[in-house]
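Data block below; observations after.
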Protein chains: 2
Amino acid sequence: MVSAVARVADDDRARLRLWLRLLRTTRAIERELRERLATAFDTTLPRFDVMAALDRAPDGMMMGELSRFLLVSNGNVTGIVERLVSDGLVVRSHRDGDRRAAIVRLSDAGRTAFAAMAAAHARWIDELLAPIEPDAARDLSTTLATFRSQWENDA
Amino acid sequence: MVSAVARVADDDRARLRLWLRLLRTTRAIERELRERLATAFDTTLPRFDVMAALDRAPDGMMMGELSRFLLVSNGNVTGIVERLVSDGLVVRSHRDGDRRAAIVRLSDAGRTAFAAMAAAHARWIDELLAPIEPDAARDLSTTLATFRSQWENDA
DNA sequence: GGCCAATATTTTATACTTGAAACTTTTTCC
DNA sequence: GGAAAAAGTTTCAAGTATAAAATATTGGCC
């Protein structure tokens with residue numbers, strides 16, 4: 001049995017410890033994914049992220065929408081999309097009657113290329129997170145989903 | 001009751017869903033921390049990370065040690081430490097009798113500055129993760145810690 | 001003593017990232 | 001209809017990030 005005093009002291013640091021572990025775990029996995037994407041598909045994590053977002057949106061997304069969805073800055077998306085366009089994986093056009101808004105979507109080549117990457121990516125994640133049993137994964141997901149929804153309400 | 005078929009299909013995606021949530025949650029928190037560090041202390045997350053690592057090592061750390069601990073590349077640490085040195089927060093020296101190895105540690109000014117940042121940082125984390133109860137935080141921590149140790153063994 | 005592999009770090013080229021300023025186009029409102 | 005605000009994006013400067021090549025130093029080994 002843990003003393004009440006010890007419990008309180010531990011409460012004070014439980015969230016900080018969790019945060020540090022979240023950060024390190026995420027970084028370790030990202031590191032591994034980055035390396036695999038580079039060797040297997042000669043691409044990068046940000047490029048994959050953009051393509052993944054666009055794959056979910058067959059009608060395309062606006063630049064700002066992409067930026068908000070990926071939680072990265074506006075100008076950042078510009079650069080990544082630029083390189084994807086020059087590689088022929090992404091197409092840019094304009095929204096009807098609004099020459100401000102740019103609509104980006106995957107090209108056919110982009111969609112094909114992404115399909116292969118997504119399949120490999122899913123396998124990799126399943127392999128890398130193998131030490132976490134499906135039940136534990138579901139529990140953790142639920143905790144994080146709840147957290148996120150509370151977060152959204154505050155912001 | 002969930003059917004066996006549904007359960008198996010869900011198992012296939014449980015880890016991938018968990019990963020996507022981990023990534024988004026971590027990014028959202030990092031984003032908020034970055035902003036607060038900038039406004040409150042005119043510093044950045046990477047600088048904070050380096051200083052936090054050095055604060056835990058009163059005798060200093062080698063560059064490579066720092067790089068491995070923070071899970072970032074070797075050359076990356078060079079740049080961040082360079083800027084911290086030019087701001088007088090970090091001191092570089094050499095290990096006795098080995099002019100290859102560079103030892104970096106916090107200066108007195110660095111230690112004082114970091115103390116203030118660390119206190120604010122701990123408060124922020126506690127505030128941002130408030131929706132997660134201490135018990136849930138401990139559970140999650142444990143899952144992640146177990147995962148990490150399995151990970152280490154594989155690598 | 002001198003070569004050579006191993007160790008530790010920096011440099012380089014390229015890409016990613018941010019916040020803020022600048023730019024273009026649209027909408028609002030008088 | 002025209003000024004001004006708003007919306008959407010890009011540009012910019014600085015900092016962060018990587019992998020790979022280059023540099024410098026040490027230790028072993030003949």
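Note on naming: letters A, B, ... go to the chains in the order of the sequence lines (proteins, then strands), and numbering restarts at 1 for each one. Both backbone and side-chain heavy atoms feed into the values below; hydrogens, waters and symmetry mates do not.
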Greater than 12 external heavy atoms within 6.0 Å of B:Arg24's CZ: yes
Partner set under ring-ring contact (aromatic ring centres under 6.0 Å, His included) for A:Phe147, not counting sequence neighbours: A:Trp151
SB check B:Arg138 B:Asp135 (cutoff 4.0 Å): yes
N/O donor-acceptor pair under 3.5 Å between B:Ser107 side chain and B:Gly88 backbone: yes
N/O donor-acceptor pair, side chain B:Arg100 with base C:dT7, under 3.5 angstrom: yes
Nucleic acid contacts - residues 53-83 of chain A versus DNA chain C, non-hydrogen atoms under 4.0 Å: A:Leu71, A:Val72, A:Ser73, A:Gly75, A:Asn76, A:Ile80, A:Arg83
Side-chain donor-acceptor pair present, A:Arg47, A:Thr43, cut-off under 3.5 Å: yes
Set of residues satisfying side-chain contact (heavy atoms from CB on, under 4.5 Å) with respect to B:Ser93, sequence neighbours excluded: B:Ile103
Cationic N near anionic O, under 4.0 Å, B:Glu32 to B:Arg36: yes
Span of DNA chain D, from the first to the last nucleotide whose atoms fall under 4.0 Å of chain B heavy atoms: D:dG15 to D:dT26
Please tabulate, one pair per line, all N/O donor-acceptor pairs under 3.5 Å involving side-chain atoms of residues 78-86 of chain A, not counting sequence neighbours.
residue : atom : partner : partner atom : Å
A:Ser86 : OG   : A:Arg83 : O            : 3.0

Near-ring test A:Phe41/A:Phe48, centroid separation under 6.0 angstrom: no
Contact residues, residues 27-42 of chain B to DNA chain D [heavy atom, < 4.0 Å]: none
Main-chain N/O of A:Leu129 paired to B:Arg15 side chain as donor or acceptor, under 3.5 Å: yes
